[in-house]
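Throughout, a chain's letter reflects where its sequence line sits, starting with A, and its residues are numbered from 1.
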Amino acid sequence: MNNNTRVRFAPSPTGPLHMGGVRTALYNYLYAKQRGGTFILRIEDTDSQRFVEGAENYIIEALEWCGITPDEGVQNGEIVTSPSEKHPHAPYRQSMRKDLYKEYAVQLVEKGHAYYAFDSSEELEKLRKEAEAKGESFTYNHKIRETLNNSLSHTSDETIKILSERNDWVIRYKMPQDQNIEMYDMIRGKIDVNSSTLDDKVIWKASDSLPTYHLANVVDDFLMQITDVIRGEEWLPSLPLHYMLYESLGWKEERPSFAHLSLLLKPDGKGKLSKRDGDRLGFPVFPLEWKNQQGDRSGGYREDGYYPEAFINMLAFLGWNPGTEKEIFSLEELVQSFSIERVVKSGAKFNPEKAKWYNQEYIRKKEISQLVQEFKPILEEKGIKCSDQYTAEAISLIRDRIAFVHEIWDLCDYLFTPPNSYDPKVKAKFWKEDIPVHIEELKNHLSSVEDFSKENIEALLPAYIKEKGWPMGKIMNSLRLLLVGESKGPGIADIISLLGKEETIARLEKKI
RNA sequence: GGUCCGUUCGUCUAACGGUUAGGACUCAAGAUUUUCAUUCUUGCAAUAGGGGUUCGAUUCCCCUACGGACUACCA
């Protein structure tokens with residue numbers, strides 16, 4: 001147990017949180033909670049171009065719905081601007097921390113680990129095009145940096161002059177040459193990269209006085225005393241840079257441990273899971289529904305009727321397993337059992353069927369009374385009035401066959417309203433010859449019955465039919481046809497008992 | 001193209017270097033339910049290919065193939 005463990009989930013507010021992002025947040029949360037540590041939510045909004053209105057609140061709300069609430073960090077609706085006991089490192093939105101990054105970038109320049117670069121985007125674009133034309137790719141690195149427009153190729157006087165005259169310069173990290181960078185990933189183990197294969201990344205830009213992700217990330221992780229970084233696989237290629245930044249900044253000892261999670265892949269075909277796959281295959285990709293500026297809606301697990309527990313459980317098992325055969329885990333159980341070492345290295349294709357299965361498992365564990373409350377709005381919408389007691393009995397008859405509350409109505413509408421049509425196939429098969437006469441007689445017999453309990457009906461019905469010598473199958477199925485309208489549903493005695501004497505007789509009288 | 005990561009049933013995955021390679025989802029069959037579903041039972045189905053190391057390789061190493069990520073003054 002190390003209650004000094006501090007992890008962060010650091011999304012960019014460029015749109016709704018993808019389910020893969022939720023999984024990353026979840027693993028961070030589980031890792032922290034298991035160690036009695038702190039889970040921090042930080043917003044990485046250093047790219048003003050891609051900022052999307054509402055995205056930050058979406059992220060907060062989504063995490064809230066999932067039950068993975070941050071201990072520290074940005075709060076819903078509340079702007080934490082200055083440090084407090086609960087939020088000692090506030091603010092947690094990088095755009096609000098912009099002033100603090102420059103000094104570290106400048107410090108790197110002074111130590112000789114970085115330099116000012118004055119190349120315009122146009123110039124760089126041109127160089128890229130030229131390289132491409134030759135079948136090569138342009139890389140701003142140790143081989144050519146001395147020949148480009150930067151403080152390495154200018155005298156310090158020239159540099160000072162340009163710096164004061166222009167505001168479109170950047171600071172680039174000066175990646176050392178031919179240095180073996182030995183890294184360790186908690187999931188993948190040892191990883192080696194030679195620094196010569198890396199380029200000189202921009203770490204700070206004068207145009208908006210903002211750092212790029214790499215610097216902001218490393219500085220904030222250091223300042224916020226992050227001990228473990230668990231993030232997506234897309235960051236693995238920049239891990240060497242991050243290692244070097246820690247080293248150059250003199251924070252080697254404080255460098256956190258890293259774990260890179262594999263991506264969530266689309267269910268069919270190849271590639272990573274995207275919003276389009278959800279639209280195409282009919283499943284949500286986002287935890288909550290999202291409406292973009294154009295008014296397009298993207299479905300959410302919440303709106304589709306998933307329980308957050310089921311969603312979280314499903315997500316946890318996409319790339320992790322406890323090593324036992326137990327598959328249903330509450331959030332608390334996940335906290336107990338999670339281990340970063342058991343996270344799978346390879347990417348996981350998302351399986352919507354399995355997601356449904358999880359929800360089905362959870363719906364079976366719900367209290368009937370809760371299902372009643374969830375179903376009531378649907379009943380009201382249909383204009384049905386009945387007691388909670390009745391609804392509870394109806395739901396308990398069919399609860400083992402649903403995966404979602406919204407499936408209840410289609411499965412047992414006949415328990416709330418008489419059938420308005422009769423399945424012709426079933427009718428053709430069973431509704432023959434003298435059946436109507438028998439049903440009439442049966443109806444009259446039921447009129448004289450007082451006890452409509454399931455047990456009594458179950459015993460009485462077959463006994464009566466047998467006694468009369470009528471064809472059992474035809475009568476039973478015809479009875480079901482009149483009561484239900486088709487060939488489906490719970491036991492006929494259950495249905496008759498629930499409908500009650502009056503309603504049962506009424507439906508039989510309606511005939512065909 | 002370059003760098004890095006990965007590869008066990010259709011899918012998610014398990015397996016101190018020694019297992020009839022296990023489980024779950026899906027699918028199929030049977031039983032039960034005088035319907036449908038549930039439930040239960042059974043079945044189908046995998047170590048990418050090739051080399052090593054080893055008494056023995058899914059497991060360790062190398063090569064190939066395939067997949068993925070990254071390769072921005074985006075994160």
Side-chain angles (χ1 to χ4, degrees), chain A residues 10-14 44-47 49-50 94 117 119-121 124-125 128 131-132 135-140 168-172 183 185 187-188 191-194 196-199 201-208 210-214 216-217 231-240 260 262-263 265 267-268 270-272 314 317-327 342 344-358 360 364 398-402 411 423 426 429-430 461-462 465 471-477 479-481 484 486-492 495:
Chain A
S12 203
T14 53
E44 310 226 327
D45 54 351
T46 50
D47 183 1
Q49 302 293 313
R50 297 206 309 157
Q94 289 182 331
D119 321 84
S120 68
S121 326
L124 292 174
E125 193 52 37
R128 270 191 201 99
E132 210 173 301
E136 293 163 8
S137 59
F138 170 79
T139 313
Y140 207 122
D168 60 345
W169 48 269
V170 300
I171 296 179
R172 283 182 185 269
M183 299 161 290
D185 180 285
I187 297 167
R188 293 153 206 275
I191 299 167
D192 289 287
V193 173
N194 186 294
S196 291
T197 64
L198 274 17
D199 61 346
K201 284 270 181 271
V202 169
I203 56 174
W204 197 84
K205 32 204 170 101
S207 58
D208 54 9
L210 244 26
T212 61
Y213 169 81
H214 305 291
N217 192 264
R231 68 209 324 185
E233 191 180 46
E234 66 270 29
W235 297 111
L236 200 46
S238 45
L239 184 59
H260 292 85
S262 62
L263 266 23
L265 275 14
D268 60 341
K270 307 170 188 321
K272 63 175 176 180
M314 177 274 291
F317 271 70
L318 227 43
W320 172 84
N321 72 81
T324 66
E325 281 174 8
K326 181 172 154 74
E327 285 195 276
R342 289 199 71 89
V344 177
K345 295 183 183 75
S346 52
K349 277 189 182 176
F350 172 63
N351 182 193
E353 289 295 332
K354 189 89 187 212
K356 267 180 87 169
W357 175 80
Y358 271 107
Q360 185 169 16
R364 287 178 181 189
I398 50 93
R399 82 113 119 237
D400 277 350
R401 44 183 94 192
I402 55 168
L411 228 41
D423 187 332
V426 181
K429 196 171 173 192
F430 301 110
L461 212 49
I465 296 167
M472 185 70 79
K474 285 199 182 75
I475 296 293
M476 291 297 266
N477 282 291
L479 205 48
R480 175 178 294 278
L481 181 66
V484 175
E486 53 187 307
S487 180
K488 70 169 188 184
I492 201 82
I495 296 175

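Rounded to the nearest 0.5 Å, atoms CG (Leu411(A)) and CD1 (Ile402(A)) are 7.5 Å apart. Distance check: Glu132(A) CD to Glu125(A) CD gives 8.5 Å after rounding to the nearest 0.5 Å.
In this entry the distance linking CG of Asn351(A) with P of rA24(B) reads 15 Å, nearest Å. One interatomic measurement links the two molecules: NZ of Lys345(A) to P of rU58(B), which rounds to 17 Å at whole-angstrom precision. A straight line from CG of Asp47(A) to C1' of rC73(B) spans 10 Å, rounded to a whole angstrom. To the nearest angstrom, P of rA24(B) lies 12 Å from OH of Tyr358(A). Rounded to an integer number of Å, the gap from CG of Asp400(A) to P of rC40(B) is 10 Å. Going from atom CG of Asp268(A) over to atom P of rG10(B) covers 16 Å, rounded to whole Å. Regarding Arg342(A), its CZ atom lies at a distance of 6 Å from the P atom of rA14(B), rounded to whole Å. Rounded to an integer number of Å, the gap from NZ of Lys356(A) to P of rC27(B) is 10 Å.
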Could you walk me through whether Glu327(A) and Lys354(A) pass the salt bridge (charged side-chain N to carboxylate O under 4.0 Å, His left out) test, one step at a time? CA-CA 11 Å; Glu327(A) 285 195 276; Lys354(A) 189 89 187 212; 3.1 Å; yes

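Thr212(A) comes within contact range of the sugar-phosphate backbone alone, with a heavy-atom separation under 4.0 Å but no base atom that close. Here Lys349(A) lies in heavy-atom contact (under 4.0 Å) with sugar-phosphate atoms only. As judged by a 4.0 angstrom heavy-atom cut-off over every strand, Asp168(A) is placed among the base-contacting residues. Residue-level contact check: Gly323(A) touches neither bases nor backbone, having no heavy atom under 4.0 Å from any strand. Within 4.0 Å (heavy atoms only), Arg399(A) reaches no atom of the nucleic acid at all. Val193(A) comes within 4.0 angstrom of sugar-phosphate atoms only, judged by non-hydrogen atoms across all strands, and of no base. Residue Ser196(A) is out of contact with every strand shown, counting any heavy-atom pair closer than 4.0 Å. Within 4.0 Å of Ser346(A), counting heavy atoms only, lie sugar-phosphate atoms of the nucleic acid but no base atom.
For rA28(B), the paired base is rU42(B) (Watson-Crick or G-U wobble, both distances below 3.5 Å). Under the Watson-Crick or G-U wobble criterion, with both distances below 3.5 Å, rU53(B) is left unpaired in every strand shown. Base pairing annotation: rC4(B) forms a Watson-Crick or G-U wobble pair with rG68(B), both donor-acceptor distances under 3.5 Å. Base pairing of rA14(B) is not made with any nucleotide, judged by Watson-Crick or G-U wobble geometry with both donor-acceptor distances under 3.5 Å. Pair check for rU20(B) finds none; no Watson-Crick or G-U wobble contact set falls under 3.5 Å.
Within the structure, every side-chain polar atom (N or O) of Thr324(A) is placed at least 4.0 Å from both OP1 and OP2 of rG23(B). At rU39(B), one or more side-chain N or O atoms of Arg364(A) fall inside 4.0 Å of OP1 or OP2 (strictly under the cut-off). Phosphate contact (OP1/OP2 of rC74(B), side-chain N/O of Lys205(A), threshold under 4.0 Å): present. For the OP1/OP2 pair of rA69(B) and a distance below 4.0 Å, the side-chain nitrogens and oxygens of Arg231(A) include no atom meeting the criterion. Side-chain N/O atoms of Asn321(A) include one lying less than 4.0 angstrom from OP1 or OP2 on rA14(B). Between Arg480(A) and rC36(B), a side-chain N or O to OP1/OP2 separation shorter than 4.0 Å is absent.
At a cut-off of 3.5 angstrom, the base of rC5(B) holds no donor-acceptor pair with the side chain of Arg188(A). At a cut-off of 3.5 angstrom, counting only N and O atoms as typed in the model, there is a donor on one side and an acceptor on the other between the side-chain of Arg401(A) and the base of rC36(B).
The environment of NZ in Lys488(A) is crowded: more than 12 heavy-atom neighbours from other residues, nucleotides or ligands sit within 6.0 Å.
Comparing the C1' positions of rU38(B) and rU33(B) gives an interatomic distance of 9 Å, to the nearest angstrom. On the P atoms, rU42(B) is 10 Å away from rG23(B), given to the nearest whole Å. Separating the P atom of rA48(B) from that of rG10(B) is a span of 12 Å, rounded to the nearest Å. Going from the C1' atom of rC63(B) to that of rU53(B) covers 15 Å, rounded to whole Å.
Nearer the 5' end of RNA chain B, as judged by each residue's closest nucleotide, is the contact made by Thr139(A), out of Thr139(A) and Asp208(A). If Asp119(A) and Phe317(A) are placed on RNA chain B by their nearest nucleotide, the residue sitting closer to the 5' end is Phe317(A).
Listed for the Asp185(A) side chain is a donor-acceptor partner under 3.5 Å among the backbone atoms of Ile187(A).
The side-chain heavy atoms of Ile191(A) and His260(A), taken from C-beta on, include no pair separated by under 4.5 Å.
Here the closest heavy-atom approach between residue Thr46(A) and residue Tyr213(A) is recorded as OG1-N, 4.3 Å.
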